[in-house]
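Scope of the values below: all heavy atoms of this structure, side chains included, with no hydrogens, waters or symmetry mates. We name chains A, B, ... by the order of the sequence lines, and we start the count at 1 in each one. Since the structure is predicted, the reported quantities are computational estimates derived from the model, not experimental observations.
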Amino acid sequence: MDVSFILDSLNDAQREAVCSPAGSLLVLAGAGSGKTRVLTHRVAWVVQACGVSPLSILAVTFTNKAAQEMRGRIEHMLGYPMRGMWMGTFHSIAHRLLRAHWHEAGLEQGFQILDSDDQLRMIKRTLKELNLDEGYWPPKQIQWYINGHKEEGRRSKHVLDTIDTQQRELLRIYRAYEELCDRFALVDFSELLLRAFELIKNNEPLRVRYQQRFQHILVDEFQDTNAIQYEWLKLFAAAHKNIFIVGDDDQSIYGWRGARVENILQFEKDFPGTMVIRLEQNYRSTANILNIANAVIDQNQSRLGKNLWTHDEEGEPVRLYVAYNEIDEARFVVDRIQSWLDQGNLRSETAILYRSNAQSRVFEEVLLQAAIPYRVYGGLRFFERAEIKDALAYMRLVASRQDDPSFERIVNVPARGIGNRTLEQTRDYARVNQVSLWDAARALVHTKELSSRAISSLSLFLDLIEQLASLLEGKTLADQVEQTLHHSGLLAHFAKEKGEKAQTRVENLEELITAARNYDHDEEDGTDTLSAFLSHAALESGEGQAEEWEDCVQLMSLHSAKGLEFPLVFLTGLEEGLFPHQRSLQEPGRLEEERRLCYVGMTRAMKLLYISYAEVRHLYGRETYGSPSRFLGEIPDEMLVEVRSSGPGTRDRFSFANAREDNGGSVQLGKQVRHSSFGEGIVLSVEGRGEHTRVQVNFESVGNKWLVLAYANLEIL
DNA sequence: GGGTTAACCTTTTTT
DNA sequence: AGGTTAACCC
């Protein structure tokens, strides 16, 4: 059979990886070196040239979106569907295993998935049961603690006991949380991984079955795997040891949430004879862009070492814009986007990247003024929105009356007179009698423990759910959603609220009906369509829901930009404290991660890259004065061209220019000055005018200080 | 029980 | 600044 079409478009290194013999293979793939290409072609090769059945392939990706895309590409290449191939995130694969073997995993058939929001609620409830104060035991930190342990493969019984009372208490909370989840058949995200791991590890027949089945395992974004995920891979690959991993240590940017770059190093030890292939030819960026990115990443000590190169031309120089403040920065960016568009280019070809999501606001405002359509990534995704979660909670409760998190969520949404007092009593009853909230409520309406008012509200709610249940029977999924929205009163509730937000909420709810209508579920795993849809909603946050196919400018954080590319990129906010972020300077290793983030940002650019920073920035409602990011200092001067705003002089730019001359030229950038108490220093920047003029001085003794010129009494040397 | 104001806390994100 | 949560009054 002719398989040359799989190899034709590849370079030597790519081809070597794609048709390497079975065994363990590590592909160190630099940014833009065709990583996805290698993975998809490898699958195609294994199937088409080696005659391996898709059934024997397990491919793991970082996001659901990546999995979908990759599957699509393979099917497009081969021209037939990859039926039976397992391709998805670690979580979706774990979920699949647990649904198929719920009994062996010690679960109930209808187990529900807790997303992080639900998990937080469960933790709060655990704290309440233990009579602990949320102020002293922040639920967020408990969540961090529990997930941290689970992701390292440790249950509460594995955590070593200490004499530290704080630690012991945390452990007690962890244990109580586990019990609560078990009691109500709830599985959080890290539990999916841990439980599926234990299932395969401890159940011999299943282990043998899956180890035999998955003859070829492929992993994308390996640098982002955590401990339990890596253990997973080792377990599944144990029989055939055919494992093909692709990763880039220089793009490891999720260390803060447990990802281990070290897994890459460990891999070669755990799989002796691993073949390592480096993909160093970059097909994305111009030489100028690549040089700058290389210069920055080269500052990192802990690297496996890799040098990206390109055949591409030098291209335009990378440009730096020093903005007066964040508004000036945004105006500059939008101005450049405008001229990009004037040259007949697309809006969707440009991206504005920033370190933290809060920075998007100013860009949005300026883009809005300029009437340029844009899209902001990040923030709440579709299935995470409150109104959507409310609607799903109704459906969950209908599906299982024992679902306490759902009960709590919607018992009084929309408000129906069931307040904290009543709820508290219901919770107490449930705790004492070890029953679900639903059963507790049913019991309570027949006692005299509640006020008559509370009893009537509560029974009205119970009836509502029962009615809804019979109403939904036998209906299609979309009809079920629609009925739920109307009958629960949710739609009416949000419709009568005023404001833009309420409008979007109603639209979102309507979109949920569409999502249900479009949801197609293959019945092969034995679950009914409703519960499959509910799991889908928890597992897949619905990034692209109701995506409008409009050509727009892309705004996103550096983290969400990973894996993407754009002809024109703006890397903004390069200020010490913001990027690298303040919080990254405390912990060891975090600074290098910030630098990798910078590298990721730069390597997103194909043709043009602009870097900018603001001298003054409004942050947390205050004016902050940051010095230029250290990453800028790591770029050789000749690689970076400083530019001025090209527009007909924005107002802010003008005042900035004035400010520099306004103090009679006495205090200027670079001047040596002396302060009565701080001693000698050099002027780093000047800002404001007249009596408001402020200067930033780097003093030999105390470092950088901002001073009001009028009071500082600086002596010019 | 429900609506209203005062303190609080700010990275990054997927599942 | 902005958004959320906790205390507070009707």
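Between A/D133 atom CG and C/dA7 atom C1' there is a gap of 14 Å when expressed in whole angstrom units. Between A/Y354 atom OH and B/dT13 atom C1' the separation is 13 Å, expressed in whole Å. A/F189 has its CZ atom 8 Å from the P atom of B/dT15, to the nearest Å. In this structure, CG of A/L194 is placed 15 Å from C1' of B/dT15, rounded to the nearest angstrom. Rounded to whole Å, the distance from CZ on A/F382 to C1' on B/dT15 is 18 Å. Separating the CH2 atom of A/W144 from the C1' atom of B/dT15 is a distance of 15 Å, rounded to the nearest angstrom. Between the NZ atom of A/K65 and the P atom of B/dT15 there is a distance of 10 Å, rounded to whole Å. Atom CD of A/E326 is separated from atom C1' of C/dA1 by 11 Å (rounded to the nearest Å).
Look at A/N147 and you won't find any side-chain N or O under 4.0 angstrom from OP1 or OP2 of B/dT15. For A/R416 and B/dG1, the shortest distance from a side-chain N or O to OP1 or OP2 is not below 4.0 Å.
As judged by a 4.0 angstrom heavy-atom cut-off over every strand, A/N64 is placed among residues touching the sugar-phosphate backbone only. Residue contacts for A/D115: at a heavy-atom cut-off of 4.0 Å it reaches no nucleic acid atom on any strand shown. At the heavy-atom level, A/E134 lies under 4.0 Å from the strands shown only through sugar-phosphate atoms.
Relative to the six-membered ring of A/Y177, A/R125 misses at least one condition, a distance below 6.0 Å or an angle of at most 45° to the axis. Both tests pass for A/R375 against the ring of A/Y377: distance under 6.0 Å to the centre and angle within 45° of the axis.
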Point to revise | Worked check of salt bridge (charged side-chain N to carboxylate O under 4.0 Å, His left out) between A/D118 and A/R396 | key: CA-CA 13 Å; A/D118 302 329; A/R396 288 213 155 90; 5.0 Å; no
Exercise for review: For the pair A/R361 and A/E364, evaluate salt bridge (charged side-chain N to carboxylate O under 4.0 Å, His left out) and give the outcome as yes or no after the intermediate values.
Suggested key: CA-CA 5 Å; A/R361 276 248 335 264; A/E364 289 183 63; over 6 Å; no
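Here the two rings, on A/F197 and A/F90, have centers that are 6.0 Å apart or farther. For A/W102 and A/F111, the ring centers sit 6.0 Å or farther from each other. If you look at A/F579 and A/Y354, their ring centroids are not closer than 6.0 Å.
Side chain of A/R361, nearest nucleotide from B/dG1, C/dG2, B/dT13: C/dG2.
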Give me the distances for all protein-to-nucleotides 5-12 of chain B N/O pairs that come in under 3.5 Å?
| unit_1 | atom_1 | unit_2 | atom_2 | d |
| --- | --- | --- | --- | --- |
| B/dT11 | O4' | A/H581 | NE2 | 3.2 |
| B/dT11 | O2 | A/R355 | NH1 | 3.0 |
| B/dT11 | O2 | A/R355 | NH2 | 2.4 |
| B/dT12 | OP1 | A/N357 | N | 2.6 |
| B/dT12 | OP1 | A/N357 | OD1 | 3.4 |
| B/dT12 | O4' | A/R355 | NH2 | 3.0 |
| B/dT12 | O3' | A/S557 | OG | 3.4 |
| B/dT12 | O2 | A/W256 | NE1 | 3.4 |
| B/dT12 | O2 | A/R355 | NH2 | 2.5 |

